[in-house]
Structure formats: structure tokens, C-alpha cells
Number of protein chains: 2
Amino acid sequence: MPQPPHNRQSTSAELRATALEQFASVGFAGTSLQQIADAAGYSKSSVLYHFASKEALLDEVLTPAVNRLEAILERFLATEESALTRSRFVNDFIDFILEFRLELHTFINQSQSLRGIPVIDRAGVVIVRLSDTLCHGDASTEDRIRFGIALGGAAYTLVAGMTFLGEEIAPVEEVRPALLTVITELLAPVTVRTAPSRK
Amino acid sequence: MPQPPHNRQSTSAELRATALEQFASVGFAGTSLQQIADAAGYSKSSVLYHFASKEALLDEVLTPAVNRLEAILERFLATEESALTRSRFVNDFIDFILEFRLELHTFINQSQSLRGIPVIDRAGVVIVRLSDTLCHGDASTEDRIRFGIALGGAAYTLVAGMTFLGEEIAPVEEVRPALLTVITELLAPVTVRTAPSRK
DNA sequence: ACAAGCTCTGACCGATCGGTCAGGTACCGT
DNA sequence: ACGGTACCTGACCGATCGGTCAGAGCTTGT
């Protein structure tokens with residue numbers, strides 16, 4: 001039986017990428033190891049050789065994105081809040097969305113059903129902290145909704161929306177400024193709050 | 001074995017409601033007929049007695065929402081476009097979102113993986129028409145993104161977001177005006193094309 | 001040449017999947 | 001009292017689920 005010369009490290013990366021696509025589009029529960037294996041051109045046993053379990057695979061797939069989001073939040077929290085740091089944060093956030101759109105879509109839309117899985121809970125904690133930070137703790141319903149719409153809307157638009165609303169995915173250099181405009185507009189009243197409120 | 005006097009019509013409605021919750025939170029592929037049956041207090045066979053198949057159940061669950069959305073679109077298309085009709089449309093749309101939030105969340109986040117199922121394709125067609133109508137056919141990327149974010153963001157916020165961003169679901173009478181403000185703001189540049197800035 | 005080790009696979013396991021079917025129970029008009 | 005019908009269920013079906021395990025093929029160190 002011929003054994004194509006697989007490039008060491010890359011098999012695991014291929015599997016992660018394939019799994020991510022499936023998780024984002026069919027859902028974690030709806031994705032079988034067999035599907036992932038078939039799509040990547042390996043056998044189911046190979047998947048389980050590289051990853052201890054389906055859940056471990058999900059963990060490895062999502063962890064880089066959660067780490068990155070955590071880093072962005074920490075960086076924002078570490079500085080004095082100003083118009084500059086806020087704008088820098090929004091930029092970081094949009095970079096994050098564009099780079100990790102499949103990961104974001106996955107845990108945005110499945111965090112409820114996958115509660116209990118460590119990486120999902122970690123992601124949930126980060127998102128709640130993010131929301132609390134941006135809303136300054138005063139739980140105005142409108143502010144919460146602004147944040148939720150920005151988060152869920154971006155995740156949806158860049159994964160599901162682009163492929164069936166805009167036919168083909170528009171080039172990143174066109175999407176990015178548009179995203180920046182809309183997200184800034186959504187988050188502006190939340191973070192800026194002009195003058196008087198707390199802090 | 002005692003047979004409690006089930007109120008004729010209601011069993012099927014119970015099952016639809018239970019199935020909708022599961023579909024929206026775990027996904028169609030991730031929901032088993034057994035889960036639905038257990039959650040509703042019936043046997044799996046009962047589910048298949050009331051609905052020809054799992055897919056038929058999905059169809060019956062989503063069809064009312066798609067019909068309603070279609071009606072809203074037709075009503076908007078039937079009139080001359082003006083500030084009044086646009087505002088009425090946004091109001092209709094928000095009523096729709098609030099009433100059918102689980103249905104919206106279901107086909108918003110799974111239309112890609114469930115392509116081929118009639119009711120899903122129908123929903124997809126309506127959404128594309130909606131997008132084309134609001135964007136006047138000139139496919140500005142920013143306008144498309146505005147619509148996508150409004151649609152996906154609302155679906156996310158009202159299902160996943162409210163329960164883990166805002167702890168408890170805020171009362172509808174508080175959510176509705178906030179939603180109206182944010183959605184109007186998002187869609188305003190798309191439809192109005194004049195409004196220069198925010199308050 | 002040979003053993004060790006990494007990668008990959010088919011065969012197999014118990015559990016669960018969507019779906020079929022025969023039958024049991026309650027209520028109906030007659 | 002009786003047959004029909006609506007509702008519900010357990011037993012069962014082939015397929016597939018996540019996961020285990022014993023190797024096979026290839027590379028490497030010695």
C-alpha cells in the first residue's frame with residue numbers, strides 16, 4: 001500500500017483546517033470524524049492518531065483564536081482608556097475577525113450547545129469580559145445589543161453571508177475598510193460615551 | 001399503560017416547539033429525534049408518527065417564519081419606496097425578528113449546510129431578495145455588510161447573545177426600542193442614502 | 001542489516017442514528 | 001356491544017457514530 005511522503009508536521013495542520021471548515025459550516029455535533037477524514041484525504045483512524053478525541057480536535061482548532069482574542073483584550077485593559085487606544089482596539093478586533101472568522105463563527109454560534117468543553121468556556125469568558133469592558137459595566141440594554149450585533153453580525157457576514165449574499169467573497173482590501181466603518185459606528189456610542197459617564 | 005388525554009392538536013405543536021429549540025441551539029444535524037422526543041416527553045416513534053421524517057419536521061418548523069418574511073418583503077415591494085414605507089418595513093422586520101428569533105437563528109446559521117432542503121432554499125431566496133431590495137442592486141460592499149451584520153447580528157444577539165452576554169433576557173419592551181435604534185442606524189445609509197451622521 | 005519509531009490504516013466494538021412496523025389503548029359513531 | 005380511527009409505543013432494522021487496537025510501510029540510528 002503506497003504511502004505518499006507526507007510532510008511531517010503538515011498532516012495535523014491539514015486536519016485542523018479541514019475540521020475547522022466542517023465545524024463552522026455543519027456544526028461540531030453535525031460533523032463526523034469520517035467526514036473530516038474523507039475531506040482531508042485520510043482515514044478516520046489517522047484523525048484519531050493525531051488527536052486524542054473529537055473534542056481534543058475542537059480544542060486544538062479553536063485555542064489559537066481564543067488566545068489571540070484574550071491577548072487583544074489584555075492589551076486593551078493594560079492601557080489607559082483613550083480615543084487612541086479604543087481605535088487601536090477596534091483595529092485589532094477587526095484584524096482578529098478577518099483572520100479567525102471561521103473560529104469566531106464556530107464558537108459564536110455553538111457556545112451554548114458546547115458548554116462544558118474547556119476551550120468553549122474559555123471563549124465564553126473572554127467574550128463576556130469583552131462585553132463588560134466595552135459597556136463599562138452599566139448594563140444599558142442598547143449598548144449590550146450594539147456589542148452583540150457587532151460580534152454576531154461580523155461572524156455571520158464573513159462566513160455565511162458573504163457566500164450567499166454577495167455571491168463571491170469580496171477581496172479583503174475591500175471588506176476591511178467597510179467592516180471598520182460599520183463596526184466603529186456600532187461600537188462608538190458604547191465605548192466613547194462622549195463625556196460624563198463613569199470611569 | 002395510562003394514556004393521558006392529550007389535547008388533539010397540541011402534541012404536534014409541542015413537538016414543533018421542542019424541535020425548534022433544539023435545532024436552534026444544537027443545530028439540525030446535531031439534534032436527534034430521540035433528544036426531541038425525550039425533551040417533549042414522548043417516544044421517538046411518536047415524533048415520526050406526527051412528522052414523516054426529521055426533514056419534514058424541520059420544514060414544518062421553519063415554514064411559518066419563511067412565509068411571514070416573504071409577506072413582509074412583498075408588502076414592501078408592493079408600495080412606492082418612501083421614508084414612510086421604509087420605516088414601516090423596518091418595523092415589520094423587527095417584529096418578525098422578535099417573534100421568530102429561533103427560526104431566524106436556525107436558517108441564518110445553517111442555510112449553508114442544509115442547502116437542498118426546500119424550506120431552507122426558500123428562506124435563502126427570500127434573504128437574497130431582501131438584500132438586493134435594500135441595496136438597490138448596486139452592490140456596494142459596505143451596504144452588503146451593513147445588511148449582513150444587521151441580519152446575522154440580530155439573530156445572534158436575540159438567541160445566543162442575550163443568554164450569556166446579558167445574563168437574563170431583558171424584557172421585550174426594553175429590547176424592541178433598542179433594536180429599532182440600532183437596526184435603523186445600520187440600515188439607514190443603505191436605504192435612505194442621505195442621512196449624513198448620527199445624533 | 002537490523003531494530004526502533006513515526007505515520008497511517010482496516011477491522012472491529014458498543015452505542016446511537018433515522019426510520020419501519022405491528023400492536024396496544026382510548027375514544028368515536030353506530 | 002362493536003368496528004373504525006387516532007394516538008402512542010417497544011421492538012427491530014441497516015447504517016453510522018466516536019473510539020480501540022494490532023499491525024503495515026517508511027524512515028532513521030547504529
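As the structure is a computational prediction, the values presented were derived from the model and not from experiment. Worth knowing before you read on, the calculation uses all heavy atoms, side chains too, and leaves out hydrogens, waters and symmetry mates. In the text below, chain A, chain B and the rest are named by the order of the sequence lines, each starting its count at 1.
- Between R144(B) and D132(B), at least one side-chain N (NZ, or NE/NH1/NH2) sits under 4.0 Å from a carboxylate O, which counts as a salt bridge.
- Within 3.5 Å, a donor on the side chain of K44(B) pairs with an acceptor on the base of dG19(C), or the reverse.
- Proximity note for K54(A) (side chain, C-beta onward) versus dG18(D), dC17(D), dT9(D): the nearest is dG18(D).
- Among all heavy-atom pairs drawn from T18(B) and I36(B), the shortest one is CG2-O, 3.7 Å.
- Here dG24(C) presents its P atom at 17 Å from OH of Y49(B), a figure rounded to the nearest Å.
- Nearest nucleotide to the side chain of Q35(B), out of dC17(C), dC7(D), dT9(C): dC17(C).
- Atom CD in Q34(B) sits about 15 Å away from atom C1' in dC17(D), given to the nearest Å.
- In this structure, the CD atom of E55(B) is 8 Å from the P atom of dG19(C), given to the nearest Å.
- Side-chain contact between V125(B) and D121(B) is absent, with no heavy atoms from C-beta onward closer than 4.5 Å.
- As a whole-Å value, the separation of D38(A) CG from dT9(C) P is 11 Å.
- dG18(C) atom P lies 17 Å from atom CG of D59(B), rounded to whole Å.
- Taking 3.5 Å as the limit, the base of dG10(D) and the side chain of S45(B) contain a donor-acceptor pair of atoms between them.
- Put simply, the side chain of F100(A) does not reach to within 4.5 Å of the side chain of L62(A), judged on heavy atoms.
- Annotation: proximity of residues 23-33 of chain A to DNA chain D (heavy atom, distance under 4.0 Å) is found for T31(A), S32(A), L33(A), numbered in ascending order.
- Whole-Å rounding puts the F51(A) CZ to dC8(C) P distance at 11 Å.
- Considering only heavy atoms from C-beta on, D59(A) stays 4.5 Å or farther from E55(A) through its side chain.
- In summary, the side chains of R16(B) and S12(B) do present a donor paired with an acceptor at a separation below 3.5 Å, with no hydrogens or angles considered.
- For the helix from dA1(C)-dT30(D) to dT30(C)-dA1(D), the terminal axes (five pairs an end, C1' atoms, rotation from four pairs onto the next four) enclose an angle of 0°, given to 10 degrees.
- Here dG18(C) presents its C1' atom at 11 Å from CD1 of I36(B), a figure rounded to the nearest Å.
- An OP1 or OP2 oxygen of dC8(C) is reached within less than 4.0 angstrom by a side-chain nitrogen or oxygen of H50(A).
- A salt bridge links E74(B) with R129(B): the distance from a Lys NZ or Arg NE/NH1/NH2 to an Asp or Glu carboxylate oxygen falls below 4.0 Å.
- Between the CG atom of L48(A) and the P atom of dA22(D) there is a distance of 16 Å, rounded to whole Å.
- For dT7(C), the OP1/OP2 oxygens have no side-chain nitrogen or oxygen of S46(A) closer than 4.0 Å.
- The shortest side-chain heavy-atom distance between I120(B) and R115(B) does not fall under the 4.5 Å cut-off.
- Neither F76(A) nor L84(A) shares a network with the other; the hydrophobic side chains, linked directly or stepwise wherever heavy atoms of I, L, V, M, F, W or Y lie under 4.5 Å apart, form separate groups for each.
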